[in-house]
Amino acid sequence: MPELPEVETVRRGLSALVIDKKVIGVDVIYPKIIVGDPSEFKEQVSGRTISAIDRRGKYLLFRFSADLTMVSHLRMEGKYSVKDAAVPLDKHTHVVFNFDDGTQLRYNDVRKFGRMQLVETGMEKMLPSLQKLGPEPTPETFDAQAFYQALHRRKKAVKTALLDQTLVVGLGNIYVDEVLWQTKIHPETKCANITEQQALVLHDNIILELERAIAAHGTTVFTFTDANSHSGSFQNQLNVYGKKGEPCPRCQTPIQKIVVGQRGTHFCPHCQQVI
DNA sequence: ATCTGTGTTCGTTA
DNA sequence: ATAACGAACACAGA
């Protein structure tokens, strides 16, 4: 569930808690979270200080001293927290970074889907998963015309295309349903059938929606919380996600739920028609 | 008790 | 190249 707004919320909260802290040791409780050799991971990170936390798409980039970067993806339920070492570990804590001040950065993930990988700072761009990423959804980096042209060349359903992170990064299953509702586009519309006019509005709505969600500290559906265990509040601003059977806020037609590309998909059958 | 739904990315297949 | 689909996992709820 962490989509871009949730990852950004985590990044901001966590930055305040761990920047300038020095790691003196790492406990890897569930090794599969680490991409590569876990012992090498521990060895590499130990002794280094966290200088910054950046973000690219839904990936967190922990910057360690001396040009080491940890690329971290939370997938569905990954969470970070900072606790005193005396506080007992949670059942689903898989990696623990011990700081020299007696606190710990803990990685918790019920589903165990999240991954962490070390690379030399700057080289993260070369990882296949980051290399394929489209632009960040900001006015400076996300070009409306280029978006329309790229959409035009695709044949699959617009929802599926928006989820694959190549046209633009950051949308997941919740926000994609929301922006398509706002733009009055049916989620199964083939990309190539989207008009230039629609593409431009969709572009603007993607930027605005993600900005609004960040301002609300993300959406807490199911289990998302930030590094301080705080929930986001954007779920109060959702129009269609999780609203099956409830009236569309625009036209009162009951919201429908279907499956598109194996994903639960919410839309208004009156406002959003296939073209 | 077994089955389904939950979401992101990756690897395999067409 | 592009698209489609199962796998990786755990758990709540029917």
Side-chain angles (χ1 to χ4, degrees), chain A residues 1-11 28-36 55-61 71-80 89-95 107-117 119 124-134 137 149-180 187-194 210 213 218-225 232 234-235 238 240-245 255-266:
Chain A
M1 270 126 295
E3 303 178 34
L4 187 146
E6 291 74 39
V7 178
E8 178 61 18
T9 300
V10 169
R11 188 193 72 76
V28 178
I29 299 154
Y30 184 78
K32 283 186 73 174
I33 298 290
I34 309 294
V35 178
R55 180 188 58 72
R56 174 75 174 102
K58 302 174 191 174
Y59 292 84
L60 287 168
L61 305 171
V71 180
S72 168
H73 198 294
L74 307 172
R75 293 290 185 98
M76 289 188 66
E77 300 204 35
K79 288 175 195 57
Y80 282 102
L89 291 186
D90 187 271
K91 177 182 171 188
H92 300 292
T93 300
H94 306 309
V95 183
Y107 179 73
N108 189 288
D109 189 346
V110 172
R111 300 285 292 276
K112 300 178 176 173
F113 281 180
R115 293 292 180 264
M116 304 173 186
Q117 180 171 12
V119 292
E124 66 275 1
K125 297 179 181 63
M126 309 306 290
L127 297 175
S129 48
L130 273 78
Q131 199 157 29
K132 65 151 206 192
L133 296 181
Q149 296 300 334
L151 258 185
H152 210 70
R153 282 186 262 107
R154 306 286 218 101
K155 292 194 172 73
K156 54 183 176 181
V158 61
K159 166 156 179 173
T160 310
L162 289 174
L163 286 175
D164 80 14
Q165 311 297 303
T166 57
L167 295 170
V168 61
V169 298
L171 294 171
N173 206 37
I174 298 173
Y175 297 114
V176 74
D177 283 1
E178 295 296 316
V179 297
L180 290 173
E188 287 177 303
T189 306
K190 299 294 179 206
C191 291
N193 291 342
I194 290 182
L210 294 175
T219 298
T220 297
V221 210
F222 309 107
T223 62
F224 170 75
T225 58
F234 199 73
Q235 61 277 11
L238 298 177
V240 288
Y241 185 86
K243 307 278 186 190
K244 177 184 171 185
I255 298 300
Q256 274 187 21
K257 185 175 179 188
I258 58 173
V259 175
V260 179
Q262 318 171 86
R263 318 296 298 280
T265 298
H266 311 74

Query raised in the report: Where the side chain of A/D177 meets the backbone of A/H266, is there a donor-acceptor pair that is under 3.5 Å apart?
Result: yes
Report task. Measure the distance from NZ on A/K91 to C1' on C/dA12 and round it to the nearest whole Å. Result -> 12 Å
Report task. Indicate the ring-plane relationship of A/Y59 and A/H73, choosing parallel, tilted or perpendicular according to the 30° and 60° boundaries. Result -> perpendicular
Report task. Send over the distance from A/E6 CD to B/dT6 P, rounded to a whole Å. Result -> 17 Å
Requested in this report: Round to a whole Å and report the spacing from CD1 of A/I174 to P of B/dT6.
Outcome: 11 Å
Report task. Quickly work out the A/Q165 CD to B/dC10 C1' distance and round it to whole Å. Result -> 13 Å
Report summary line: Quick note, A/Y59 side chain, CB onward, closest among B/dT8, C/dA10, B/dT9 is B/dT9
Report task. Output yes when at least one side-chain N/O atom of A/K112 is less than 4.0 Å from OP1 or OP2 of C/dC11, else no. Result -> no
Query raised in the report: What nucleotide among B/dT8, B/dT6, C/dA10 has an atom nearest to a side-chain atom of A/K58?
Result: B/dT8
Report summary line: Rounded to the nearest 0.5 angstrom, the CZ-NZ distance for A/R75 and A/K58 is 10.5 Å
Query raised in the report: Can you check the A/K244 NZ to B/dG5 C1' distance for me, whole Å?
Result: 11 Å
Report summary line: Separation of C/dA10 atom P from A/N108 atom CG, nearest Å, is 13 Å
Query raised in the report: Is it true that A/D90 and A/K79 make a salt bridge, defined as a side-chain N closer than 4.0 Å to a carboxylate O?
Result: no
Query raised in the report: Within less than 4.0 Å of OP1 or OP2 of C/dC11, is there a side-chain N or O belonging to A/H92?
Result: yes
Query raised in the report: Just by modelled atom types, is the A/Y241 backbone N or O under 3.5 Å from a matching donor or acceptor in the A/E178 side chain?
Result: yes
Query - Annotated protein contacts, base or backbone, on nucleotides 2-8 of chain C with a non-hydrogen cut-off under 4.0 Å, one of B, S, - each - result: -SSBB-B
Query raised in the report: Rounded to whole angstrom units, what separation is found between the CD1 atom of A/I258 and the P atom of B/dT6?
Result: 13 Å
Query raised in the report: In whole Å, what is the span from the OH atom of A/Y175 to the C1' atom of B/dT8?
Result: 15 Å
**Report entry** Below 4.0 Å: OP1/OP2 of B/dT9 and any side-chain N or O of A/H73
**Finding:** yes
Query raised in the report: Regarding A/K159 and A/N173, is there a side-chain donor-to-acceptor distance under 3.5 Å anywhere?
Result: yes
**Report entry** Those residues that, when tested against A/R111, pass side chain to side chain donor-acceptor pair (under 3.5 Å) (two or more places apart)
**Finding:** none
Report summary line: Checking C/dC11, B/dC10, B/dT6 against the side chain of A/Y241 (C-beta onward), the nearest is B/dT6
